[in-house]
Amino acid sequence: MKFLNRLKTAIVGLKTNKVRSALTILGIVIGVAAIISIMSLGAGAQKLILDQVEGLGSNTIAVLPGREPTGISDTAGLFLDSLREEDIKALLLPSNVPHASDVMPVAFGSSRLSYGNETYQSTILGAGSAEDSNVISRIFDVYPSEGSFFTAGDVQSLAPVVVIGDRVREELFGNQRALGENIRINGKRFRVVGILPKKGQVSFFNFDEMVIAPYTTVNQYVLGRKHFDRIIVIADDARYLDDTVRDITVTLRGRHKITDPAKDDFFVQTQADLAERVSSITSVLTAFLSAVASISLFVGGIGIMNIMLVSVTERTREIGLRKALGATRADILWQFLLESIGLTVVGGIIGILLGGLFSFGVSLLLTEQLGNAWQFTFPYFGAVLGVGVSGIIGLVFGLYPARQASKKSPIEALRYE
Amino acid sequence: MEIINAINLEKTYYTEGLETRAVRDVSLTISRGEFVAIIGPSGSGKSTLLHILGFIDPNTGGEYFFEGKNVNDYSDDEKAFIRNKRIGFVFQSFNLLARTSVLENVKLPLLYSDVPEKQWDERAKKAIDAVGLTHRLLHEPSELSGGEKQRVAIARALIREPEIIFADEPTGNLDSASGKSIMEILQKLNEEKNHTIVLITHETYTAEHAERIISLRDGLVERDSKVEKRNMASEFKK
């Protein structure tokens, strides 16, 4: 018997029981749809995060305090105060780090802002440089729409001046003029010298909801400490990225008097490192969620087996008749096997369409929330995999019922009532 | 020429540990072109015998030669091929596929044959025409009368132009008029197309449509004789 005729026979069999066929594949449909959605949204989330990481520029190097975490239980909390003003000075020396075009410390914390009766809970970012007034604009690609960033002199003199984000301005001032006004940050008076335009998320910072002040002022008057949360170093050329990472490491070890690299109290991260870490986290997460969703595929497969066994019993007479009319064991085996594979493959295709549709819908909602930062991604690989896996489920779970069918002797089957 | 040669056939079932000797010791020969009726009361083993002769139930003792070859020498697939090509079956309960048209039901054996698909419709229509059901071509079994269903089953048995047709109580579920028309078709197939026909029945009147009657009782052949005065469902040119 030709394969095509076997397939036709199977299709006729499925069509005869349309409602049952539809209900049977529901488990597979849901499983595949869930996996496709997870893969699509996972890819979208990964792209979103990577875009933000890369938004800082690929020449950006971050020096972080503490030991580089290597696992969940790692005591990353040690040495969190290791980065100091002297480190900035050391890193700025061309003899130490020749290819550093910019070096900027960053300290941040939460802060309570108030102006008159208005208050706003926000993040304060201490940044800037005692030598270069434009370093913040260059590194974060943000420019005040009114006023300007504080100067190198402000940083040196611990000036109580602040640049506020668009959202902060709206919350505190409404339609009033903000520039030149004094606001209170944790009780200390700051003069607004600049206002940032609406910017949205840049890297991990939402500048709209933030205030930026000289890091010296922030450490002294707001956070009350002397260390930084990170030091950002920009390499003057991507070619010297690795050299610069090495130079930074050597310089800081020298200054911190560390001889054993295992005892480093800081670690250096490039954007590439970060991107890699983010991708690996989202990949693991996607894989984990997909594995959970594939339980539904497994359950769906058992459902298929169950129904096929019922179907084989129900159609015992049909099997007997077909055998009496000349069907071989293989003919019967393939008829039922193709029915179950047909069921699961169709279920898989419907699942892919539904999953694609669902994640597209979610993407539309997210685009509304996040602007163009979110992009819909259709997981083509996942789609091919989905159909393949569905087919294999049909094969695996259909094999036993189909074998049962093919083993029936024609006379037993014909006599069955 | 002998088409069937059975020697000391036996068939013993075990159902729930209980032994049933359905066929005890049956020897018979059937030649090409014969019309044989196997008759006997229920439990005489006539259906079991037919199933053995028709390759759908293996014998547990004795020897069965089909066209000169011992059935034990056939593989499963060869048996399937013989059921498909050399044998046609007509069952008491018709055994048509529900929700499937007359045309598709009749084509069913072709699905398991090497007949090119292009010829399927033509052949099926010819077989349906031979049993006078052309006007029911696309009807489903549920829309047919009992007699019509059995005629579909005969068309299905005919489509491969088999050497031998086994009919298991073909008139058992039919009224006498429909039964008569079935017997007419069988006699016609035997007379005009020279198909060998083995008919099973428990009615003497139906059996007397055949040329020869084999009577079974308790799994043994009681009598094997020519029919003296044959019932003809209609007149044929001899």
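Side chains included, hydrogens not; waters and symmetry mates left out as well; all remaining heavy atoms used. So that the names make sense, note that chain A is the first sequence line, chain B the second, and so on, each numbered from 1. Quick caveat: nothing in here was measured; it's all calculated off a predicted structure.
In this structure, N5(A) contributes its side chain and L111(B) its backbone to no donor-acceptor pair below 3.5 Å.
The shortest non-hydrogen separation linking A324(A) to F89(B) is O-CD1, 4.3 Å. Nearest heavy-atom pair, R322(A) versus L97(B), reported as atom, atom and distance to 0.1 Å: NH2-CD1, 3.6 Å. A pairwise comparison of heavy atoms in A327(A) and A80(B) identifies O-CB, 3.8 Å as the closest pair.
Taking 4.5 Å as the limit, some side-chain heavy atom of R415(A) sits within range of a side-chain heavy atom of D57(B). Looking at H51(B) and P410(A), their side chains never come closer than 4.5 Å, going by heavy atoms from C-beta outward.
Note that the CG atom of D77(B) and the CZ atom of R329(A) stand 9.5 Å from one another [nearest 0.5 Å]. Considering CG of D76(B) and OG1 of T328(A), their distance stands at 9.5 Å, rounded to 0.5 Å. With rounding to the nearest 0.5 angstrom, the CG atom of L108(B) is 8.0 Å from the CD atom of E318(A). Taking CG from L321(A) and CZ from F94(B), the interatomic distance works out to 13.5 Å, rounded to the nearest 0.5 Å. To the nearest 0.5 Å, atoms NZ (K323(A)) and OH (Y112(B)) are separated by 10.5 Å. Atom CZ of residue R160(B) and atom CG of residue L325(A) lie 11.0 Å apart, to the nearest 0.5 angstrom.
Crowding of Q119(B) atom CD: a count of heavy atoms from other residues, nucleotides or ligands under 6.0 Å exceeding 12. Summarising the local packing, CD of E19(B) is surrounded by more than 12 heavy atoms from other residues, nucleotides or ligands at distances under 6.0 Å. Atom OH of Y13(B) has more than 12 neighbouring heavy atoms from other residues, nucleotides or ligands inside a 6.0 Å radius. Counted within 6.0 Å of CZ on R403(A), heavy atoms from surrounding residues, nucleotides or ligands total 12 or fewer; the atom is thus considered open. Counting non-hydrogen atoms of neighbouring residues, nucleotides and ligands closer than 6.0 angstrom, the CZ atom of F358(A) reaches no more than 12 such neighbours. Residue K193(B) places its NZ atom among 12 or fewer non-hydrogen atoms of other residues, nucleotides or ligands, all under 6.0 Å distant. The environment of F376(A) atom CZ is dense: over 12 non-hydrogen atoms of other residues, nucleotides or ligands sit within 6.0 angstrom. W334(A) CH2: 12 or fewer foreign heavy atoms inside a 6.0 Å radius.
With a threshold of 4.5 angstrom between heavy atoms, R315(A) does not approach chain B through any atom at all.
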